[in-house]
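Working notes, structure below.
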Amino acid sequence: LRLLDEHDETVVDREAVLLAILFHDAIYDPARRDNEEASAELARVRLTAVGIPEATIDRVAHLIVATQHGSAATAASNDTDLDLLLDLDLSILAARPEDYRAYAQAIRQEFALYPDEVYRPGRRRVLEYFLSCERIYRVQKLRDIWEAPARANIVRELAKLA
């Protein structure tokens, strides 16, 4: 939410972006493949119950599902709100190296149910996906700030996973 406040100059529907941020990882289980869809459904139920308009709920659900990076929903976008949300979701990749290391350790803990011989190749695939992207960040201002540190953090983590 702090990052939204800092970088919201292009936001069109602040309410939808804010609600998407709040709900996007409401359902999170490393063993599931439908966390985004489940979180979007939870948002639909909760937001309907408090009287949020259906159009806003649909928008929130769309934004939440799109946080599944690498999916068709995140391909080419002309949606500045979606672009900002996706960039904010990946902001940790550009954290200071010590904060990124703590994040990487927390990710390993989240996936503790998997032995290293399963976790390491999976994590490498995720990180290599981001490195293979022409650009990790979509919003030019954020790309200018975060792209280089994110790539450096990813490269360092990949070296430790080798």
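Numbers here simply count residues along the sequence, with the first being 1. If you're wondering where the values come from, they're calculated on a predicted model, not measured in any experiment.
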Measuring only between side-chain heavy atoms, which start at C-beta, is [X] closer than 4.5 Å to [Y]?
{"X": "Leu4", "Y": "Val11", "result": "yes"}
{"X": "Ile145", "Y": "Tyr137", "result": "no"}
{"X": "Trp146", "Y": "Asn153", "result": "no"}
{"X": "Arg2", "Y": "Asp5", "result": "no"}
{"X": "Leu161", "Y": "Leu127", "result": "yes"}
{"X": "Ile154", "Y": "Ile136", "result": "yes"}
{"X": "Leu86", "Y": "Val139", "result": "no"}
{"X": "Glu41", "Y": "Ile27", "result": "no"}

_Strictly below 4.0 Å, N to O, side chains only: are Arg44 and Asp58 in salt-bridge contact?_
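Salt bridge flag = yes for Asp58 with Arg44.
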*Between Asp116 and Arg123, is there a salt bridge with N-O shorter than 4.0 Å?*
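Asp116 and Arg123: not salt-bridged.
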To the nearest 0.5 Å, how far apart are [atom1] in [X] and [atom2] in [Y]?
{"X": "Arg124", "Y": "Leu131", "atom1": "CZ", "atom2": "CG", "answer": "13.0 Å"}
{"X": "Asp79", "Y": "Arg138", "atom1": "CG", "atom2": "CZ", "answer": "9.5 Å"}
{"X": "Ile57", "Y": "Arg46", "atom1": "CD1", "atom2": "CZ", "answer": "13.0 Å"}
{"X": "Glu147", "Y": "Leu93", "atom1": "CD", "atom2": "CG", "answer": "9.5 Å"}
{"X": "Asp99", "Y": "Ile92", "atom1": "CG", "atom2": "CD1", "answer": "6.5 Å"}

_Would Arg59 and Thr56 count as a side chain to side chain contact (heavy atoms under 4.5 Å, CB included) here? Give the steps._
CA-CA 5 Å; Arg59 178 77 172 132; Thr56 300; 5.5 Å; no
*asked:* Testing the 3.5 Å rule here: is there a donor-acceptor pair between the side chains of Asp144 and Gln140?
replied: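 Short answer, yes.
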*Starting from the C-alpha separation in whole Å, work towards a yes-or-no answer on side chain to side chain contact (heavy atoms under 4.5 Å, CB included) for Asp87 and His7.*
CA-CA 10 Å; Asp87 284 0; His7 304 289; over 6 Å; no
*asked:* For Glu9, is the CD atom crowded, meaning more than 12 foreign heavy atoms sit under 6.0 Å from it?
replied: yes
*Arg108, CZ: over 12 other non-hydrogen atoms inside 6.0 angstrom*: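 For Arg108, atom CZ is crowded (more than 12 foreign heavy atoms under 6.0 Å).
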Please give me the minimum heavy-atom distance between [X] and [Y], naming the atom from each residue.
{"X": "Pro149", "Y": "Ala94", "value": "CB-O, 3.8 Å"}
{"X": "Leu85", "Y": "Ala20", "value": "CD2-CB, 4.0 Å"}
{"X": "Arg151", "Y": "Cys133", "value": "NH2-O, 2.6 Å"}

_Parallel, tilted or perpendicular, judged at 30° and 60°: which one describes the rings of Phe111 and Tyr28?_
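Judged by the thresholds at 30° and 60°, the geometry between Phe111 and Tyr28 is perpendicular.
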*Give the C-alpha distance, both sets of side-chain angles, the deciding distance and a yes or no for side chain to side chain contact (heavy atoms under 4.5 Å, CB included) between Leu63 and Ile21.*
CA-CA 9 Å; Leu63 291 171; Ile21 289 169; over 6 Å; no
*asked:* Val17 vs Asp8, test: side chain to side chain contact (heavy atoms under 4.5 Å, CB included). Steps then yes/no.
replied: CA-CA 10 Å; Val17 174; Asp8 69 351; over 6 Å; no
*asked:* When you measure from the side chain of Ser39 to the backbone of Glu36, do you find a donor-acceptor pair of N or O atoms at a distance under 3.5 Å?
replied: no
Report whether [X] and [Y] are members of the same hydrophobic cluster (ILVMFWY, side-chain heavy atoms less than 4.5 Å apart, transitive linking).
{"X": "Leu19", "Y": "Val50", "value": "yes"}
{"X": "Val12", "Y": "Leu1", "value": "no"}
{"X": "Leu113", "Y": "Val126", "value": "yes"}

*Name all residues meeting the side chain to side chain contact (heavy atoms under 4.5 Å, CB included) criterion together with Thr10; count only those two or more places apart in sequence or in a different chain, and write none if there are none.*
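Partners of Thr10 under the side chain to side chain contact (heavy atoms under 4.5 Å, CB included) test: Thr80.
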*asked:* Which residue is it: Asp89, Thr67, Asn35? I am looking for the one with a side chain to side chain donor-acceptor pair (under 3.5 Å) to His24.
replied: Asp89
